[in-house]
Trainee: 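Below you'll find the structure I mean.
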Amino acid sequence: MRANFFCIFFMLPLCGLVAQIPADAKCYSEDSLFWEYSNDPTCSFVEHEIFYSSNILGPYISVGNVTDPAIESFDLSGLSIIEEVFFYISTTLDCGSIEMVFSDTISSMPPNLVEISFIDVTGSGVVINWIDQLNDPNDHQYLIYRDDDGSVNEIGTVSVGNSFLDVDILPIEMAETYYVLAEDACGNVSIFDTPYSSMFLFTSFQPCLNAFDVGWTLMENASLELDSLRLNIEHESGFSEFITVDIAMDGLLYNVVSGSGTYCLELYAYYPNGDIATSNQICTFAATIPQLESYQISNVTNTGNSTRIDWLSEDEDAIKEFQVTGVDSDGQNVWNSGIVDFNTTVAPFVEDLVNWEESAGLVDYVVTFTNNCDFSFSTEVFSNIYLTMTVDDNGNAFFEWQSETPNYISPLEYRLYKVEGQIEQPLMLNFNTNTSGYYQLSADELRAQGLRFKVERIAELEDISSGQMTIISSFSNTVQYTPVIKLVLPNAIKPNGKNNVFKPVLVSGNVQSYVLNIYDRYGQLLFESQNIENGWKGKKELEFFPAGIYPYTILVVDVQGLEYEYTGVLTLVR
């Protein structure tokens, strides 16, 4: 306590006029009070008078005098001091008039506890900072201790100032615990203060995550003492950022944003009074690996002998292997490419050689990529275009198609194609974005063999990595028109008239075998033909049969082996 106690508490008018230097009260030790005194050449020394009190506010009692300026101690053993008492020294001088000056008030107890304010970790070592508001730093020095694996050892002293640099701790490998003690001129040492540790930062780069796994230890009672905590990241390119973190946290995952290079990380702790403590700084080279961040199926189309699945990916270097699966509408796995090493394929597509014919149905395809860190990424479902066809009795071919596509596919129109052998002919039909349509078969098409149809979808594809739009063309499976036997039969003939022959008219289908039988009313066979062009003229040789009703049967077998049987009666008119 540097304030002049007598002047503060007794308010003597003389205090404002005193210019002489008082005795410097140093310490109390082994029942004696010690001080230092410098003679003032302008005045004559008269005496030192020693005062004490059990209360710092007084009242103070004189316990003795010293008349020799060379004596700088006073025996107080007669007081039998057990608890804390306070002393000051009043010095009387003859400067032409009698004047008195007063020393600081000191305690009989050792120096008060020193409080570490914060510990800063730098590249030069660990800096311990402290505050000492109750003791006169000019009257003692500070002793710095470090806890080394449970053994507390003195590592240095400070005579002037309130900080100490511990250079022997380099390199920084862990959080360190420190104590600061005060020692007075008598060798009295304050008790150990509360242990206080440095902040320690540790990190490792996780290439498969392209991220730093950052952890730290904080000083004791950090959640009570700190105002905020921030992690500073700097990249060799000049990029830097501060990330505010919760004081209760002890780590985080930091995703690198500047690519490969050296990153330096350091933790900053902010105190309400403006003090800033820092952790050790870690500089680490991060070798980032390609990341598979954008991937999508771009098309599923029928090539005529397979279903081809194409995809897009932003960084193919990130792909180690892939697998394509196809699932039907019942959820059954109907096709699997197996795991394919990406380095063995030359193009980003595969072909399903199984599910491409008319009977394949709707198949949902998914591409699953595995990156170099064995993380899997699956695309959205993208199905084939599944086409079906029915033909009515009037020769109208009705088409319906299904397809499941992600929302980055926007159909613009559907077109119908007729396929005959190797010839594909686009028909003058545009179904817009409908999912059904019809086509009127011609007479020749109704009787055609091997006639097939397919649908083409014209759509816009959005590349989800770039946002660019591309026009794509996708084809469905082909459906085959199989003509069925359809005969038109007359119900009467007139041998001498215009309709003078009974034979069927083949409207559709293809005949492999044909048998026509005509009977009389008693069931006797009158006529037989195995050629559809050879009809009955109502006569035998040159003689006409009589007018009347004649039953008939027709048995036709088409090229697929299907049998068609017709029975009826015809009228012979004369």
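Since the model is a prediction, treat every value here as computed from it, not as a measurement. These values consider heavy atoms only, across backbone and side chains, with no hydrogens, waters or symmetry-generated copies.
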Trainee: Are the side chains of Val327 and Val381 in contact, using a 4.5 Å heavy-atom criterion?
Mentor: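 Val381 vs Val327: side chains apart.
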
Trainee: Where the side chain of Glu236 meets the backbone of Thr262, is there a donor-acceptor pair that is under 3.5 Å apart?
Mentor: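 Judged by distance alone, yes, a pair lies under 3.5 Å.
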
Trainee: So do the side chains of Val367 and Val350 get within less than 4.5 Å of each other, counting heavy atoms only?
Mentor: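 They are not in side-chain contact.
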
Trainee: Apply side-chain contact (heavy atoms from CB on, under 4.5 Å) to the pair Asn232 and Glu234, showing each step before the final yes or no.
Mentor: CA-CA 7 Å; Asn232 182 41; Glu234 296 181 355; 3.3 Å; yes

Trainee: Using every non-hydrogen atom in the two residues, find where Met199 and Ala277 come nearest and quote the distance to one decimal.
Mentor: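 Taking Met199 first and Ala277 second, the nearest heavy atoms are CE-O, 3.5 Å.
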
Trainee: Tell me which pairs pass salt bridge (charged side-chain N to carboxylate O under 4.0 Å, His left out) where either residue lies in residues 27-36, with sequence neighbours left out.
Mentor: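 Only Lys26-Glu36 qualify under salt bridge (charged side-chain N to carboxylate O under 4.0 Å, His left out).
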
Trainee: Considering only heavy atoms from C-beta outward, does the side chain of Ser198 approach that of Val121 to under 4.5 Å?
Mentor: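 Yes. Closest side-chain heavy atoms under 4.5 Å.
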
Trainee: Calculate, to the nearest 0.5 Å, the distance between atoms OG and CD1 belonging to Ser108 and Ile82 respectively.
Mentor: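 Interatomic distance, Ser108 OG to Ile82 CD1, rounded to 0.5 Å: 11.0 Å.
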
Trainee: Would you find a donor on one side and an acceptor on the other, under 3.5 Å apart, between the side chain of Ser279 and the backbone of Glu266?
Mentor: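 Not confirmed, Ser279 side chain does not pair with Glu266 backbone.
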
Trainee: If I compare all heavy atoms of Val114 with all of Ala182, which pair ends up nearest, and what's the gap?
Mentor: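 Taking Val114 first and Ala182 second, the nearest heavy atoms are CG2-CB, 3.7 Å.
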
Trainee: Test: disulfide bond (SG atoms under 2.5 Å apart). Region: residues 49-80. Which pairs qualify, not counting sequence neighbours?
Mentor: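 Not a single pair qualifies under disulfide bond (SG atoms under 2.5 Å apart).
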
Trainee: Is there a side-chain contact (heavy atoms from CB on, under 4.5 Å) between Phe102 and Ile89 once you walk through the steps?
Mentor: CA-CA 6 Å; Phe102 305 92; Ile89 303 165; over 6 Å; no

Trainee: For the atom pair CD (Gln20) and CG (Asp40), what is the distance rounded to the nearest 0.5 Å?
Mentor: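 Between atom CD of Gln20 and atom CG of Asp40 there are 5.0 Å.
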
Trainee: Test: disulfide bond (SG atoms under 2.5 Å apart). Region: residues 229-269. Which pairs qualify, not counting sequence neighbours?
Mentor: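 Counting only pairs at least two positions apart or across chains, the disulfide bond (SG atoms under 2.5 Å apart) contacts touching residues 229-269 are Cys264-Cys283.
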
Trainee: Apply the test side-chain contact (heavy atoms from CB on, under 4.5 Å) to residues Asn162 and Tyr142: give CA-CA distance (whole Å), side-chain angles for both, the deciding distance (0.1 Å), then the verdict.
Mentor: CA-CA 8 Å; Asn162 60 352; Tyr142 298 98; 5.8 Å; no

Trainee: Do the ring centers of Tyr178 and Phe164 come within less than 6.0 Å of each other?
Mentor: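 No, the ring of Tyr178 stays outside the 6.0 Å limit from the ring of Phe164, centre to centre.
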
Trainee: Donor-acceptor pair, Ser329 side chain versus Leu362 backbone, under 3.5 Å?
Mentor: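 Such a contact is absent between Ser329 side chain and Leu362 backbone.
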
Trainee: Hey, does the side chain of Glu380 reach the backbone of Gln296 with a donor-acceptor pair shorter than 3.5 angstrom?
Mentor: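 Not confirmed, Glu380 side chain does not pair with Gln296 backbone.
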
Trainee: With the side chain counted from C-beta on, respond yes when Ile169 and Ile155 share a heavy-atom pair under 4.5 Å apart, and no when they do not.
Mentor: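 Counting from C-beta outward, Ile169 and Ile155 never come under 4.5 Å.
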
Trainee: Ignoring hydrogens and angles, tell me if any N or O in the side chain of Thr325 forms a donor-acceptor pair with the backbone of Asn336 under 3.5 Å.
Mentor: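 No.
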
Trainee: Which is it for Trp35 and His48 under the side-chain contact (heavy atoms from CB on, under 4.5 Å) test, yes or no, and what are the steps along the way?
Mentor: CA-CA 11 Å; Trp35 65 83; His48 295 307; 3.8 Å; yes

Trainee: Could you pull out the closest heavy-atom pair between Leu226 and Pro272, with the gap in Å?
Mentor: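 In this case the closest contact between Leu226 and Pro272 is C-CD, 4.4 Å.
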
Trainee: Would you mind writing out the side-chain donor-acceptor pairs for residues 242-257 within the sub-3.5 Å range, not counting sequence neighbours?
Mentor:
residue, atom, partner, partner atom, Å
Asp246, OD1, Ala248, N, 2.8
Tyr254, OH, Glu241, OE2, 2.6

Trainee: Donor-acceptor pair, distance only, cut-off 3.5 Å: does the side chain of Thr307 make one with the backbone of Asn355?
Mentor: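 Yes, Thr307 side chain to Asn355 backbone: donor-acceptor pair under 3.5 Å.
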
Trainee: Restricting to pairs with a member in residues 170-183, which pass salt bridge (charged side-chain N to carboxylate O under 4.0 Å, His left out), not counting sequence neighbours?
Mentor: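 Of all non-adjacent pairs touching residues 170-183, none passes salt bridge (charged side-chain N to carboxylate O under 4.0 Å, His left out).
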
Trainee: Enumerate the salt bridge (charged side-chain N to carboxylate O under 4.0 Å, His left out) contacts for residues 208-232, please, sequence neighbours excluded, ordered by first and then second residue.
Mentor: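 Checked against salt bridge (charged side-chain N to carboxylate O under 4.0 Å, His left out) - neighbours excluded - no pair reaches residues 208-232.
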
Trainee: At their closest point, which heavy atom of Thr122 faces which heavy atom of Val127, and how far apart are they?
Mentor: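 Looking at all heavy atoms of both residues, the shortest contact is CG2-CG2, 4.2 Å.
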
Trainee: Quick one: side chain to side chain donor-acceptor pair (under 3.5 Å) pairs with a partner in residues 362-375, sequence neighbours left out?
Mentor: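 Found Lys320-Asp374, Asp352-Tyr365, Thr368-Ser378.
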
Trainee: Pairing donors with acceptors under 3.5 angstrom, does anything connect the side chains of Ser204 and Gln206?
Mentor: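 Side chains of Ser204 and Gln206: pair found under 3.5 Å.
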
Trainee: Tell me whether Asp310 contacts the main-chain N or O of Phe349 through its side chain, where contact means a donor paired with an acceptor under 3.5 Å.
Mentor: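 No; judged by distance alone, with no hydrogens or angles, the pair does not exist.
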
Trainee: Report yes or no: do Thr177 and Ser197 form a side-chain donor-acceptor pair below 3.5 Å?
Mentor: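 The answer is no; no qualifying pair exists.
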
Trainee: Between the main-chain N or O of Gln332 and the side-chain N or O of Asp330, is there a donor-acceptor pair closer than 3.5 Å?
Mentor: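 Pair absent, no side-chain N/O of Asp330 close to backbone of Gln332.
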
Trainee: Which residue pairs satisfy the disulfide bond (SG atoms under 2.5 Å apart) criterion with at least one member in residues 58-101, sequence neighbours excluded?
Mentor: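 Only Cys43-Cys95 qualify under disulfide bond (SG atoms under 2.5 Å apart).
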
Trainee: Classify the ring geometry of Tyr52 against Phe87: parallel below 30°, tilted from 30° to 60°, perpendicular beyond 60°.
Mentor: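 Rings of Tyr52 and Phe87: tilted, 30 to 60°.
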
Trainee: Between CG of Leu181 and CD of Gln141, what distance do you get to the nearest 0.5 Å?
Mentor: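 Those atoms lie 11.5 Å apart.
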
Trainee: For Glu314, does the CD atom sit with more than 12 other heavy atoms under 6.0 Å from it, leaving out its own atoms?
Mentor: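 Result for CD/Glu314: enclosed.
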
Trainee: Under the salt bridge (charged side-chain N to carboxylate O under 4.0 Å, His left out) rule, what pairs show up with a residue in residues 142-169, not counting sequence neighbours?
Mentor: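 Matches after skipping sequence neighbours: Arg146-Asp148, Arg146-Asp166.
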
Trainee: Which disulfide bond (SG atoms under 2.5 Å apart) pairs, counting each pair once, include a residue from residues 164-212, with sequence neighbours left out?
Mentor: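 Output for this query lists Cys27-Cys186, Cys208-Cys373.
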
Trainee: Side chains of Trp130 and Val158, heavy atoms from C-beta outward: is any pair under 4.5 Å?
Mentor: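 They are in contact (side-chain heavy atoms under 4.5 Å apart), so the answer is yes.
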
Trainee: Test side-chain hydrogen bond (donor to acceptor under 3.5 Å, both in side chains) on Asn55 and Ser53; report intermediate values, then the result.
Mentor: CA-CA 5 Å; Asn55 190 315; Ser53 174; 5.8 Å; no

Trainee: Do Ser117 side-chain atoms and Asn129 backbone N/O form a donor-acceptor pair below 3.5 Å?
Mentor: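 At least one qualifying donor-acceptor pair exists.
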
Trainee: Can you give each donor-acceptor pair under 3.5 Å made by side-chain atoms of residues 464-471, sequence neighbours left out, with the distance rounded to 0.1 Å?
Mentor:
residue, atom, partner, partner atom, Å
Ser465, OG, Asp463, OD1, 2.6
Ser466, OG, Gln468, N, 3.3

Trainee: What is the minimum heavy-atom distance between Ser313 and Ile319, and which atoms define it?
Mentor: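 Result for this residue pair: OG-CD1, 3.6 Å.
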
Trainee: Rounded to the nearest 0.5 Å, how far does CG of Leu292 lie from CG of Asp317?
Mentor: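 It is 11.0 Å, given to the nearest 0.5 Å.
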
Trainee: Does any part of the side chain of Ser103, heavy atoms only, come nearer than 4.5 Å to the side chain of Thr91, both counted from C-beta?
Mentor: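 Contact flag for Thr91/Ser103 side chains = no.
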
Trainee: Can you check whether Val334 reaches Val354 side chain to side chain, under 4.5 Å on heavy atoms?
Mentor: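 Side chain of Val334 against side chain of Val354, heavy atoms only: no contact under 4.5 Å found.
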
Trainee: Determine whether the aromatic ring centres of Phe322 and Trp311 lie less than 6.0 Å apart.
Mentor: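 Here the rings of Trp311 and Phe322 have centres that are less than 6.0 Å from each other.
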
Trainee: Would you find a donor on one side and an acceptor on the other, under 3.5 Å apart, between the side chain of Asp104 and the backbone of Asp24?
Mentor: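 No, the answer is negative, given that no donor and acceptor are paired below the 3.5 Å cut-off.
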
Trainee: Do Ser107 and Tyr28 have side chains that approach each other closer than 4.5 Å (heavy atoms only, starting at C-beta)?
Mentor: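 No - every pair of side-chain heavy atoms lies 4.5 Å or more apart.
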
Trainee: With no hydrogens and no angle check, just 3.5 Å: does a side-chain donor-acceptor pair link Asn299 and Ser474?
Mentor: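 Short answer, yes.
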
Trainee: Thr379 and Phe369: which non-hydrogen atoms are nearest, and at how many Å?
Mentor: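 Looks like CG2-CE1, 3.8 Å.
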
Trainee: Please identify each residue that fulfils ring-ring contact (aromatic ring centres under 6.0 Å, His included) with Phe51, with sequence neighbours left out.
Mentor: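 Checked Phe51 against ring-ring contact (aromatic ring centres under 6.0 Å, His included); matches are Tyr88.
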
